[in-house]
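By convention in this document, chain letters (A, B, ...) are assigned in the order of the sequence lines, proteins followed by strands, and residues within each chain are numbered from 1.
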There are 2 protein chains.
Amino acid sequence: MTSCMIADSEWPQFRRNVLMGKLPASEAEFLASYDPKKFDAPLATVDVTIFTVINGSLNVLLVRRNEFPYMDKWSLPGGFIDLVGDNDLNATAMRKLKDKTGVDAPYLEQVGTVGSKGRDPRGWSLTVLYFALMSSEKVRLRAGSGASEVAWRPVQNGQVEEVLAFDHEELLKKALERLQNKARYTMLPGYVLPEEFTLTELINIYRVLLEEDIDNPMMRRRLLRTNLLEETGGFREGDTRPAKLYRFAREAAQHVFERNLEGGR
Amino acid sequence: MTSCMIADSEWPQFRRNVLMGKLPASEAEFLASYDPKKFDAPLATVDVTIFTVINGSLNVLLVRRNEFPYMDKWSLPGGFIDLVGDNDLNATAMRKLKDKTGVDAPYLEQVGTVGSKGRDPRGWSLTVLYFALMSSEKVRLRAGSGASEVAWRPVQNGQVEEVLAFDHEELLKKALERLQNKARYTMLPGYVLPEEFTLTELINIYRVLLEEDIDNPMMRRRLLRTNLLEETGGFREGDTRPAKLYRFAREAAQHVFERNLEGGR
DNA sequence: ATAATAGTGTCTTTAAGACAATATTAC
DNA sequence: GTAATATTGTCTTAAAGACACTATTAT
C-alpha cells in the first residue's frame, strides 16, 4: 500500500521532495518550498462565445488569430488566464470580452470545461467555455492582442461558414445548445437586445433561436405574467400601430418558467 | 497598436522567443520548439462529489487527505489530471471515482469549473467539478492514493459536519444545488438506487433531495407517463402488499419533463 | 378483521397552445 | 377607407397537485 501511495501523476513535486529526502514537516514549510511551475499542468484557457442578433439573424463574434498555432484561422475569442491580473475565471472571461468589444455584456455564463490530450497541438489542454449575450448596437470591435481581425459572423444550423481553430466548432455548438435549451424556460434570449425593446422584437429572438414559429399572444402573456418586464413609457413608432417599449427588471435573467415551451421536441 | 499586441500575460513562451529573436516561421517549427512547462499555467484538478442515499438520507463520499496542504482534513475525492494516462477530463473524473469506490457510477456529470487566485495556498488554481450518483450497495471503499480514509458522510442543509479542505464546502453546495435543480425536471435522483427499485423507493429519494413532501399518486403517474421505467417482473416483498420492481430504460437519464415540480419555490 | 403500504380514480387549477377578434397607426 | 402590426379574448388540452378510494399482503 505504502509503495503506491503517491501515484506517478499525482504529485510530482511531492515525489521529488521525498526522493531528495526533503519531506516537509509542516504546511508552512511545505508551501515555502513549493514551486507550482514544476507541476505537469495542462494548458488552461478561457474561451467566450459571444452571441448577438443582427438583422434578425443570430451572430457570433469571431477573431482571426495572428499567432501559432492555427495562425490566420478564425476562432472564438479567448486565451490564457492571467495569473497576476485575473482574480478568478469570470475575470478572465470578462477581460476577453471587453478586450474585443469594448463593453461589458449584460449576460455572461459558464457553459463548461472541455479538456483532452489532443485538442491542442501543444499538448494536454483544457478550456473553460463561457457564453455571453449582448446587443450589437454600441459595440466597437477591436482586434486587441492575439488577433488580426474581429467580426460578427452569422450562425446557421449551429455553424459558421469559416473553419475554426482547435475544437472551436464543437465549442460553438455546445454554447448554442445551452442557449437554445435555456430559451425554452428563461428570458435570456432578450439579452441580445438593446436595453429597450418591444414584445414583438423579443418574441422574434425566440423564433430565431428556436427555429420555430411561436404564437405571439401565448408568448406575450407568458412573458408579461412574470412581472419582470416593465414598460419604459416609450413607444416604437413605425408605419403601423406603435408598440410599447419594455425593459427587463434586474432579476429577469434568473427567472425560470415552471413549464417549458414544447415546440418541436 | 503593435507595441501592445502581445499582452504580458498572454504568451510568455512566444514573448520569450521574440525577445530571443527566435520568431518561428511555420507552425511545425513553432510546435517543435514549444515547451508547455514554461507556461504560467494554473494548477488544474478534478473533484468529484459522489452522492448516494443510505438509510433514507443523502450521503456524500469524503476522503481524508494524507498530504499537504490541508493534511488530515476531509475533502471531496479529486486530484490532478494525469497528462499521460487521462485522455480527457471525464477520464480523470472516472478514475478518481473508481479509485475510491472500486466501481463505475451509473451517472456522472460535469457541474462546472471554479478557479481563482486564492482557493489553493499553492497558487492560482482551478478545479473541474463533477457530481456522480450511485447506489452504495456494491461499493467497497478504498483509501487509494492521497487519502488515509474514505467514508460516506450524511449531508444536511447542504453541509457535512466535517470542516472540508480548500473550498470544498462551496463545491459540495454547488453540486448539490445542481442535483436538486435537476430533481425538479429529470429522473436523475433514481440513479442513487440499485438497478431494481420500487416506485415508492424512487419517490422517497425525491422527498429526501427536495426536502418536501411529494404526492405519491402524482409522482407515480409523472414517472410512468415517460415510459422510461420498465417492470422487471419481480416484486419487493415485505410485511405488507408487495411492490412491483422497476428499472430505468437506457435513455432515462436524458429525459426532461416539460413541467417542473413547483414545490416550495 | 386490522394495519400498513401499493396502487387507482377523480376533481381542480394553471399555463401552454391555437386562433379569432379588436385596436391603433400610416397611407 | 386599406394595410399592417399591436394587443386582447376565448376555447382546448395536458399535466401538476390534492385527496378520496380500492387492492393486496402479514399478522
Checklist entry - Any idea which heavy atoms bring B:Leu76 and B:Asp47 closest together, and the distance? => result O-OD1, 4.2 Å
Checklist entry - Atom CZ of A:Phe197 and atom C1' of D:dA6: how far apart are they, to the nearest Å? => result 16 Å
Checklist entry - For the pair made of CD1 in B:Ile214 and P in D:dG17, what is the distance, rounded to whole Å? => result 9 Å
Checklist entry - Hey, does the side chain of B:Asp88 reach the backbone of B:Asn90 with a donor-acceptor pair shorter than 3.5 angstrom? => result yes
Checklist entry - Taking atom types as modelled, is there a side-chain donor on A:Arg64 or A:Ser148 under 3.5 Å from an acceptor on the other? => result no
Next on the checklist: Pick the closest DNA chain D nucleotide for B:Pro217 and for A:Thr198 by heavy atoms, then say which residue is nearer the 5' end.
Outcome noted: A:Thr198
Checklist entry - Would you find a donor on one side and an acceptor on the other, under 3.5 Å apart, between the side chain of B:Arg184 and the backbone of B:Leu261? => result yes
Item to check | Atom pair distance, as rounded to whole Å: CD1 in B:Ile203 and P in C:dT5 | outcome: 14 Å
Checklist entry - Could you give the NE2-to-C1' distance, from B:His255 to D:dA15, as a whole number of Å? => result 12 Å
Next on the checklist: Determine whether a donor-acceptor pair (N or O, by modelled atom type, separation under 3.5 Å) exists between the side chain of B:Glu201 and the backbone of B:Thr198.
Outcome noted: yes
Checklist entry - In whole angstroms, how far is the P atom of D:dA6 from the CE atom of A:Met219? => result 15 Å
Produce the list of close N/O pairs, under 3.5 Å, pairing protein atoms with atoms of nucleotides 11-15 of chain C; give distances to one decimal.
| unit_1 | atom_1 | unit_2 | atom_2 | d |
| --- | --- | --- | --- | --- |
| C:dA15 | N3 | A:Arg259 | NH1 | 3.1 |

Checklist outcome for this item: Taken to the nearest whole Å, CG/A:Leu245 to C1'/D:dT7 is 15 Å
Item to check | d(CG, B:Leu229; C1', C:dG7) in whole Å | outcome: 15 Å
Item to check | Polar side-chain atom of A:Thr52 near backbone of A:Met134 as donor-acceptor pair, under 3.5 Å | outcome: yes
Item to check | Touch class at under 4.0 angstrom, heavy-atom based, for B:Asn216 against every strand present | outcome: nothing
Checklist entry - To the nearest angstrom, how far is A:Met218 atom CE from D:dT8 atom C1'? => result 16 Å
Item to check | NZ/NE/NH1/NH2 to OD/OE distance under 4.0 Å, A:Glu109 and A:Arg178 | outcome: yes
Next on the checklist: Students often mix this up, so state it plainly: with edges at 30° and 60°, are the rings of A:His255 and A:Phe257 parallel, tilted or perpendicular?
Outcome noted: perpendicular
Checklist entry - Are A:Tyr191 and A:Phe51 close enough that their ring centers fall under 6.0 Å? => result no
Checklist outcome for this item: Per atom distances to the B:Lys244 side chain, the nearest of D:dC19, C:dG17, C:dG7 is C:dG7
Checklist entry - What parts of residues 231-241 of chain A reach DNA chain D, counting only heavy atoms under 4.0 Å away? => result A:Thr240, A:Arg241
